[in-house]
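These notes concern the structure reproduced below.
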Amino acid sequence: MENNKYKIVLLSDLKKSTESELKSTISLLNMLDGGKITLFHVKKPTEVVGRESQLSAMRSINEEHIETNKTIENLINPIAKEYNLNINYSFAFGNVKNEIQTYINEHKPDIIVLGKRKPKTFNITGDNITDLVMKKHDGVIMIASEEHPLQPNRDFSLGILNKAENVSSINFVEDLINKSNQPLKSFKILKNTNKTSKEVPVSNKKTVEYVFENGNNALNNVSKYATKNNINLMCVDTRKQNKTNIKNIINNLNVSLLLTNEQKPVL
């Protein structure tokens with residue numbers, strides 16, 4: 001990685017939540033002491049040309065290209081100016097999944113940011129993108145919460161779900177732990193436990209551990225405690241979760257999520 005700086009790409013549908021997603025992306029960049037942010041957008045050709053003639057279709061694509069470029073610049077420029085950042089962007093017309101896969105293969109980002117949607121509409125322009133990104137991307141994925149977005153240049157509280165032992169072995173998470181001034185919050189879901197909470201040492205930092213009994217309401221209870229403790233970002237080790245569990249976590253935790261994989265380190 002060039003100069004050990006992170007390459008972060010925000011996959012955006014350019015909906016109203018994009019501004020908060022971009023600010024959450026900037027917040028993550030600040031936590032990691034620098035890197036490069038790129039916003040990437042894909043639009044289906046059928047949304048642009050419909051059933052027009054070839055000449056009309058070309059004209060529509062050219063007009064849409066200009067309009068999309070203007071839309072993205074109007075979104076990015078005020079935020080880039082406010083936080084004194086250079087924010088890159090690019091967009092493409094084509095099959096959403098194919099274009100995203102091509103982008104990942106060519107640019108190899110370290111971190112991909114997706115906006116969190118309602119469970120039935122967690123997608124970009126109608127295509128479910130989460131599975132594709134998790135399958136094709138070797139790095140970290142952030143699911144940015146619209147209700148509780150990260151705020152640039154503010155202190156944050158970090159949580160870790162089902163991962164306390166040897167957390168300092170993950171360089172990426174270690175960077176975040178050291179950057180926060182708040183105690184680390186560790187959330188565990190276990191079978192047949194009567195434990196509630198305690199302070200335990202993790203990565204030489206005071207850590208408050210919350211333990212929940214496994215069950216149908218476990219993730220809802222974790223979400224309530226995370227909200228009560230003002231957790232801004234919850235780290236989840238995807239190596240320990242199957243596909244269904246990850247989707248349940250995304251759908252039930254009302255907080256921005258950082259999906260990591262120990263076997264695919266960022267650094």
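What you see below is based on every heavy atom in this structure, not just the backbone, and it leaves out hydrogens, waters and symmetry mates.
Between Glu213 and Ala218 the shortest heavy-atom distance is O-CB, 3.7 Å. The shortest non-hydrogen separation linking Ile104 to His137 is CG2-CA, 4.4 Å.
Note that CG of Leu75 and CD1 of Ile87 are 8.5 Å apart. Values are rounded to the nearest 0.5 Å. From Tyr6, atom OH reaches atom NZ of Lys36 across 15.5 Å, with rounding to the nearest 0.5 Å. Annotation: the span from Met234 atom CE to Leu253 atom CG amounts to 5.5 Å, rounded to 0.5 Å. Taking NZ from Lys43 and CG from Leu14, the interatomic distance works out to 7.0 Å, rounded to the nearest 0.5 Å. Taken to the nearest 0.5 Å, the CG atom of Asn178 stands 10.5 Å off from the CG atom of Leu184. With values rounded to the nearest 0.5 angstrom, His148 atom NE2 is found 9.5 Å from Asn230 atom CG.
Contact check for Ile8 versus Asp110: no side-chain heavy atoms found under the 4.5 Å cut-off. Counting heavy atoms from C-beta outward, Leu233 and Met31 have side chains that approach closer than 4.5 Å. Contact of the Pro149 side chain with the Lys23 side chain is not registered, since no non-hydrogen atoms from C-beta on lie closer than 4.5 Å. Inter-residue side-chain proximity for Val42 and Ile100 is flagged as met; some heavy-atom pair is nearer than 4.5 Å.
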The test is side chain to side chain contact (heavy atoms under 4.5 Å, CB included); show your working for Tyr83 and Leu29 and say whether it passes. CA-CA 11 Å; Tyr83 297 104; Leu29 184 76; over 6 Å; no
Might you work through the side chain to side chain contact (heavy atoms under 4.5 Å, CB included) test for Val255 and Thr227, ending with a clear yes or no? CA-CA 8 Å; Val255 63; Thr227 300; over 6 Å; no
Leu39/Ile37 under side chain to side chain contact (heavy atoms under 4.5 Å, CB included): CA gap, chis, key distance, verdict: CA-CA 7 Å; Leu39 182 149; Ile37 294 176; 5.9 Å; no
Evaluate Asp237 against Asn162 for side chain to side chain donor-acceptor pair (under 3.5 Å), listing each step before the verdict. CA-CA 8 Å; Asp237 180 8; Asn162 285 343; over 6 Å; no
Can you list the steps and then say if Glu21 with Thr18 is a side chain to side chain contact (heavy atoms under 4.5 Å, CB included)? CA-CA 5 Å; Glu21 292 162 10; Thr18 300; 4.3 Å; yes
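For Asn86, the CG atom is loosely surrounded, since the number of other residues' heavy atoms within 6.0 Å does not exceed 12.
Ser180 places a side-chain N or O within 3.5 Å of a backbone atom of Phe156 that can act as its donor or acceptor partner. Of the possible polar contacts, none joining the Asn214 side chain to the Ile189 backbone as a donor-acceptor pair under 3.5 Å is found. Of the possible polar contacts, one joining the Lys7 side chain to the His107 backbone as a donor-acceptor pair under 3.5 Å is found. Although no hydrogens or angles enter the test, the distance criterion places no donor-acceptor pair under 3.5 Å between the side chain of Ser223 and the main chain of Leu219. One N or O on the side chain of Ser256 and one on the backbone of Ser145 form a donor-acceptor pair closer than 3.5 Å. With hydrogens and angles disregarded, a donor-acceptor distance shorter than 3.5 Å links the side chain of Lys108 to the backbone of Asn105. For Lys116 (side chain) and Ile250 (main-chain N/O), a donor-acceptor pair under 3.5 Å exists by modelled atom type. Within the 3.5 Å criterion, the main-chain N or O of Thr260 finds a donor-acceptor partner in the side chain of Thr238. Looking only at distances, no side-chain donor or acceptor of Asn229 sits under 3.5 Å from a matching main-chain atom of Ile231. Between the Asn128 side chain and the Thr130 main chain, a donor and an acceptor come within less than 3.5 Å of each other.
Ring planes of Tyr225 and Phe212: perpendicular class, angle over 60° (limits at 30 and 60°). Aromatic ring pairs are classed by plane angle as parallel below 30°, tilted from 30° to 60° and perpendicular above 60°; the pair His65 and Phe91 is tilted.
Across Leu259, Leu28, Ile111, a single residue satisfies side chain to side chain contact (heavy atoms under 4.5 Å, CB included) together with Val140, and that is Ile111. The one candidate from Val96, Leu132, Asn95 that meets the side chain to side chain contact (heavy atoms under 4.5 Å, CB included) condition with Gln101 is Leu132.
In terms of the side chain to side chain donor-acceptor pair (under 3.5 Å) criterion, residue partners of Tyr89 (sequence neighbours excluded) are, by chain and number, Asn69, Glu73.
Under the 4.0 Å criterion applied to side-chain N and carboxylate O atoms, Asp131 and Lys247 are assigned as salt-bridge partners.
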